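Because only heavy atoms are used, hydrogens play no part in the values below, and waters and symmetry mates are left out as well, while side chains stay in. Since this is a predicted model, take the numbers as computed values, not measurements. In this chain, residues are counted from 1 in sequence order.
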Amino acid sequence: MSNSNKYNHIYVEKDVINHQLTSDILNKFPKTNIILIDHYKDVFNRKNQDYKAQHQNQNLILAANRETHIYPGSPVCQNFDNRYFYYCSQVMNCVYDCSYCYLKGMYPSGNLVIFVNIEDIFKELETLLINHPVYLCISYDSDLLALENITGFVKKWHEFTLIHENLSVELRTKSGSKQIFSTLEPCSRFIFAYTMTPDNITKAFEPHTPLASARLDAMKKAYMHQHPLRLCLDPVLPFTKTWQKDYTQMIDDIFKEIPADYLKDVSIGSFRISKDYLKLMRKRYPDSAVIHYPYECSDGFYHLPDKLQEETEGFITNEILKYMNNEKIFRWKGSI
């Protein structure tokens with residue numbers, strides 16, 4: 001689908017209509033109906049919305065984030081032994097539609113919000129960097145690489161990281177996009193972190209998401225241009241009959257293409273999610289097997305039963321140990 005007819009409507013806050021990024025984005029969708037609004041929440045936070053239907057036919061909302069931009073990292077996320085662990089959210093919702101994604105229980109709307117005022121995030125971050133180094137995850141609540149042709153955020157973040165020596169950035173992605181790697185100067189503190197899942201699981205639980213072969217092709221391109229790479233097997237989903245065989249084959253395929261000693265590290269974790277998010281997800285998706293699996297709840301978070309969690313993460317860890325030492329493997333501990 002071409003950009004010109006991707007969205008039926010684009011809602012734009014009046015205060016950002018003259019922002020340069022707003023203009024850049026709107027110019028990519030000349031045939032789309034533009035609707036001016038006072039505040040993005042007037043559309044995004046409306047009552048009685050059909051999240052599922054909206055996500056299947058997303059509209060775009062361009063807005064400014066006028067609140068805090070940078071937050072302490074969540075306890076369910078891997079911090080890779082970084083003391084000053086933070087994340088930020090420039091986009092609300094994702095172009096992909098993974099069945100297990102916590103975003104399905106986090107937001108009232110399935111539409112996509114882009115906060116165009118990236119310069120305000122940079123200002124807040126520079127203030128934080130005065131006090132201590134920062135390890136920042138910038139792509140948890142969306143997939144910024146999958147949206148790069150619309151926003152240009154990845155390039156902007158990369159440029160910012162290059163000139164701030166006490167900043168390290170992780171960009172988590174499932175995208176198969178490869179074009180950007182030849183345009184960026186490699187930076188040891190800007191990590192492209194690829195979440196990989198076997199094709200059978202992608203087909204079952206990750207609608208619209210590139211298959212493992214496409215993601216691996218993108219990793220190879222990043223490797224060719226010497227960009228730091230992280231492999232993320234998180235969440236591992238043991239919900240198909242052949243999951244062990246499938247993960248083993250995928251891991252073998254990855255290490256045939258990417259040298260183990262080149263990877264910065266590997267993250268391993270099983271499914272876990274906030275109790276409140278899962279409650280809403282189960283209401284919105286009553287027929288989803290992965291959402292309605294009988295998880296266990298500890299301290300407000302649902303996760304796999306302890307025995308299955310240990311089996312799952314232990315199996316994947318052993319497969320990775322065939323290729324690299326334990327020092328480069330970061331396994332989610334399961335303690336909330």
A.B. asks: Determine whether a donor-acceptor pair (N or O, by modelled atom type, separation under 3.5 Å) exists between the side chain of Arg189 and the backbone of His164.
C.D. replies: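 A pair under 3.5 Å: yes.
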A.B. asks: What I want to find out is whether Asp143 reaches Arg172 closely enough, with some N-O distance under 4.0 Å, to be called a salt bridge.
C.D. replies: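 No salt bridge links Asp143 with Arg172.
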A.B. asks: So, the side chain of Asn325 versus the backbone of Glu327: is there a donor-acceptor pair under 3.5 Å, distance only?
C.D. replies: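 Answer holds: no.
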A.B. asks: Does Arg272 pair with Asp234 as a salt bridge, N-O distance under 4.0 Å?
C.D. replies: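 Salt bridge present between Arg272 and Asp234.
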A.B. asks: Considering only NZ, NE, NH1 and NH2 on the basic side and carboxylate oxygens on the acidic side, decide whether Asp265 and Arg230 come within less than 4.0 Å.
C.D. replies: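 The answer is yes: the pair qualifies as a salt bridge.
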A.B. asks: Show your working on side-chain hydrogen bond (donor to acceptor under 3.5 Å, both in side chains) between Asp253 and Gln249 and close with a plain yes or no.
C.D. replies: CA-CA 6 Å; Asp253 290 343; Gln249 183 61 60; 2.9 Å; yes
A.B. asks: Evaluate the side-chain proximity of Lys264 to Ile191: yes if any heavy-atom separation is below 4.5 Å, no if none is.
C.D. replies: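 Heavy-atom side-chain distance check passes, below 4.5 Å.
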A.B. asks: Would you call the rings of His132 and Tyr84 parallel, tilted or perpendicular, taking 30° and 60° as the class edges?
C.D. replies: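 Ring orientation, 0 to 90° scale: parallel.
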A.B. asks: On the 0 to 90° scale, with breaks at 30° and 60°, tag the Tyr323-Phe255 ring pair as parallel, tilted or perpendicular.
C.D. replies: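 Ring orientation, 0 to 90° scale: parallel.
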A.B. asks: Do the charged groups of Asp97 and Lys104 touch, with an N to O distance under 4.0 Å?
C.D. replies: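 Judged by the 4.0 Å cut-off on N to carboxylate O distance, Asp97 and Lys104 do form a salt bridge.
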A.B. asks: Checking side-chain hydrogen bond (donor to acceptor under 3.5 Å, both in side chains) between Glu13 and each of His19, Lys41, Arg66, which is the one that passes?
C.D. replies: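 Looking at His19, Lys41, Arg66, the match for Glu13 under the side-chain hydrogen bond (donor to acceptor under 3.5 Å, both in side chains) is Arg66.
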A.B. asks: Does Leu304 reach the side chain of Thr312, with side-chain heavy atoms less than 4.5 Å apart?
C.D. replies: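 Yes - at least one pair of side-chain heavy atoms lies under 4.5 Å apart.
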A.B. asks: Please work out which of the three classes, parallel, tilted or perpendicular, describes the rings of Tyr7 and Phe29, given edges at 30° and 60°.
C.D. replies: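 Phe29 and Tyr7: perpendicular rings.
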A.B. asks: Hey, are Lys155 and Glu148 close enough for a salt bridge, meaning a charged N less than 4.0 Å from a carboxylate O?
C.D. replies: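 Between Glu148 and Lys155 there is no salt bridge, as every charged N stays at least 4.0 Å from the carboxylate O atoms.
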A.B. asks: Identify the two heavy atoms, one from Trp243 and one from Leu237, that lie closest to each other, and give their separation to 0.1 Å.
C.D. replies: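 Scanning both residues, the minimum pair turns out to be CB-O, 4.1 Å.
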A.B. asks: Do you reckon Ile70 sits in the same ILVMFWY cluster as Met106, going by side-chain contacts under 4.5 Å, direct or chained?
C.D. replies: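 Per the 4.5 Å side-chain linkage, Ile70 and Met106 are co-clustered.
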A.B. asks: Using the benzene-type ring in the case of Trp, are the ring centres of His303 and Tyr295 under 6.0 Å apart?
C.D. replies: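 Not under 6.0 Å, so no.
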A.B. asks: Classify the ring geometry between Trp157 and Phe160 as parallel (under 30°), tilted (30 to 60°) or perpendicular (over 60°).
C.D. replies: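 Rings of Trp157 and Phe160: perpendicular, over 60°.
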